[in-house]
K.L.:
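Here's a structure for you.
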Number of protein chains: 2
Amino acid sequence: MARASQTEVAVLGGLSVQPMTGYALREAIRDVLGHFWSESYGQIYPTLAELERQGFVRREGATRTGASTFAITPPGTRRLQELLAQPVQVTPPRNGLMLRLYFGRHLGPAACRTLVQQALTEAQDALERYAEIRAEIEGQDSADREYWLLTVSAGEHSARAAQAWAHDALSTLAALDDAAGTRAGRTS
Amino acid sequence: MARASQTEVAVLGGLSVQPMTGYALREAIRDVLGHFWSESYGQIYPTLAELERQGFVRREGATRTGASTFAITPPGTRRLQELLAQPVQVTPPRNGLMLRLYFGRHLGPAACRTLVQQALTEAQDALERYAEIRAEIEGQDSADREYWLLTVSAGEHSARAAQAWAHDALSTLAALDDAAGTRAGRTS
DNA sequence: CAGTGATGTCTCTGGTAGATATATCTCTCA
DNA sequence: TGAGAGATATATCTACCAGAGACATCACTG
């Protein structure tokens, strides 16, 4: 197993919090882990089936509609700990914004400023979301609380950095735009 | 074409700097765009073949060894500008470190500290690399210079944020570890 | 001149994203 | 009552993508 499926960790981890359907699992991952993780149905359902086959999760209460809840089993919990202990798998970076800025000369300063402005807005939105998540976690008394706050803190640091960078970048691009304007004969 | 291939942008962008072989292209992307982009051979060669078929790149000088250089054509340059102008495609996040920290209770404070310590070291290494890249770009007189520095600046902000977060996180985890030790009867 | 490492092309496997097809359930409002 | 909207739920298909490795040549070096 050269490339372990990262999905397995997220699925077992999610079910370690509470039993859920595949649908609810996807919702939970999107809403709770959303700022650092994502899963699609195309991954979740096959993974659940495989984990069931291996005895790491148990399918419970298949209703008439076909909906069934999955729960983690004791071997599944051990499997989760085993997977968590494995070295972190780094996802290769693919930042579309940076790619566009790197070739920004083909795009022009104005279009680049729009892109950076969007990034700035996104960073600010992210900070607001983090504030809400932080308040919610701090309000509850879970054994996981400090760990969860660690990930929120990482998001906050990252978003503030994005914000600061965007400000710098907007200044730089404004200067570039002015220079281009001056060269083209415009005054100020 | 619902999902445009991101690889196409990187390949055309790379060839817009200078003509290269597929091998050199991959080297260039890894070394120059490496901190925000990555491509694999499995993407590059089929993409080059497809771009050649569409007339966006031209294959030049196939030597006896089979090595051939690719150059971007005028339609290719227009295609690049068209692709760059399309909305940024956000890659869904997949941060293995955060996933482990979120389920950190299953891992324990000590193991988490090791992970964060690794992240701290990586951030510091990244800062050193950025300093080198910055020096190199500032030394040359290219029309692209300001755009390239924009991406370096983003890396620097991000790495400093990671550094600051790691320091915070190490304190938090140390406190958790102490608390666990105290509960277990250890004296400091 | 054998060995090593860099250059170079290409393929195969399997992880992954995103859209979509299908169906049921629940609530609301006419 | 019943039509419709929207949430819940399962599952699949296509295309994108990473990583490893097979295979070959070339340049340098001991």
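From a predicted model like this one, the values you see are computed outputs, not experimental measurements. Just so it is clear: chains get the letters A, B, ... in the order the sequence lines come, proteins before strands, and each one is counted from 1.
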K.L.:
Could you tell me whether the phosphate oxygens of D:dC16, OP1 or OP2, come under 4.0 Å of any side-chain nitrogen or oxygen in B:S5?
P.N.:
no
K.L.:
Counting only heavy atoms not in B:E136, do more than 12 fall under 6.0 Å of its CD?
P.N.:
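For B:E136, atom CD is not crowded (no more than 12 foreign heavy atoms under 6.0 Å).
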K.L.:
With B:R26 as the cation and B:Y41 as the aromatic partner, state whether NZ or CZ is under 6.0 Å from the six-membered ring centre and within 45° of the axis.
P.N.:
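Because its charged atom sits under 6.0 Å from the ring centre and within 45° of the axis, B:R26 does stack over B:Y41.
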K.L.:
If the condition is side chain to side chain donor-acceptor pair (under 3.5 Å), which residues does A:D144 pass it with, not counting sequence neighbours?
P.N.:
B:R105
K.L.:
Counting just side-chain N and O atoms, does B:T7 come under 4.0 Å of either OP1 or OP2 of D:dC16?
P.N.:
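Checking B:T7 against D:dC16: no side-chain N or O falls below 4.0 Å of OP1 or OP2.
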K.L.:
So does A:R134 pair up with A:E132, basic N to acidic O under 4.0 Å?
P.N.:
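Salt bridge between A:R134 and A:E132, a charged N being under 4.0 Å from a carboxylate O: no.
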K.L.:
Answer yes or no: is there a donor N or O on one side and an acceptor on the other, between the side chain of B:T47 and the main chain of B:Q43, under 3.5 Å?
P.N.:
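Indeed, once roles are kept as given, a pair shorter than 3.5 Å links the two residues.
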K.L.:
Please list, by residue number, the residues of residues 22-46 of chain B whose heavy atoms come closer than 4.0 Å to an atom of DNA chain D; answer none if no residue qualifies.
P.N.:
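Listed by number, they are B:S38, B:E39, B:S40, B:Y41, B:G42, B:Q43.
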K.L.:
Any side-chain N or O of A:S68 less than 4.0 Å from the OP1 or OP2 oxygen of D:dT10?
P.N.:
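Answer yes for this pair, as a side-chain N or O of A:S68 is under 4.0 Å from OP1 or OP2.
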K.L.:
If I take atom CD in residue B:Q6 and atom P in nucleotide C:dA17, what distance separates them, rounded to the nearest angstrom?
P.N.:
14 Å
K.L.:
Any pair with a residue in residues 47-57 of chain B that passes salt bridge (charged side-chain N to carboxylate O under 4.0 Å, His left out), sequence neighbours left out, goes on the list, sorted by first then second residue, please.
P.N.:
B:E50-B:R53, B:E52-B:R59
K.L.:
For B:W148, give me all partners under side chain to side chain donor-acceptor pair (under 3.5 Å), at least two apart in sequence or on another chain.
P.N.:
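By the side chain to side chain donor-acceptor pair (under 3.5 Å) rule, B:W148 matches no residue at all.
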K.L.:
How many whole angstroms separate atom CG of B:L83 from atom P of D:dC16?
P.N.:
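It is 13 Å, rounded to the nearest whole Å.
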K.L.:
Could you tell me whether A:R145 and A:E138 have a side-chain N and a carboxylate O separated by less than 4.0 Å?
P.N.:
no
K.L.:
Please give, in whole Å, the distance from C:dG8 P to B:R59 CZ?
P.N.:
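For the pair B:R59 CZ and C:dG8 P, the rounded distance is 14 Å.
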K.L.:
Check each residue of residues 91-101 of chain B for a non-hydrogen atom within less than 4.0 Å of any atom in DNA chain D, then write out the ones that pass by number, or none.
P.N.:
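Listed by number, there are none.
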K.L.:
What pairs of donor and acceptor atoms, side-chain ones from residues 109-130 of chain A against any protein atom, are under 3.5 angstrom apart with sequence neighbours left out?
P.N.:
unit_1	atom_1	unit_2	atom_2	d
A:R113	NH1	A:D177	OD2	3.2
A:T114	OG1	A:A110	O	3.2
A:T121	OG1	A:Q117	O	3.0

K.L.:
Tell me: CZ of B:F70 to C1' of C:dG8, nearest whole Å?
P.N.:
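From B:F70 CZ to C:dG8 C1': 11 Å.
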K.L.:
What is the distance, to the nearest angstrom, from the CD atom on A:E8 to the P atom on C:dG14?
P.N.:
15 Å
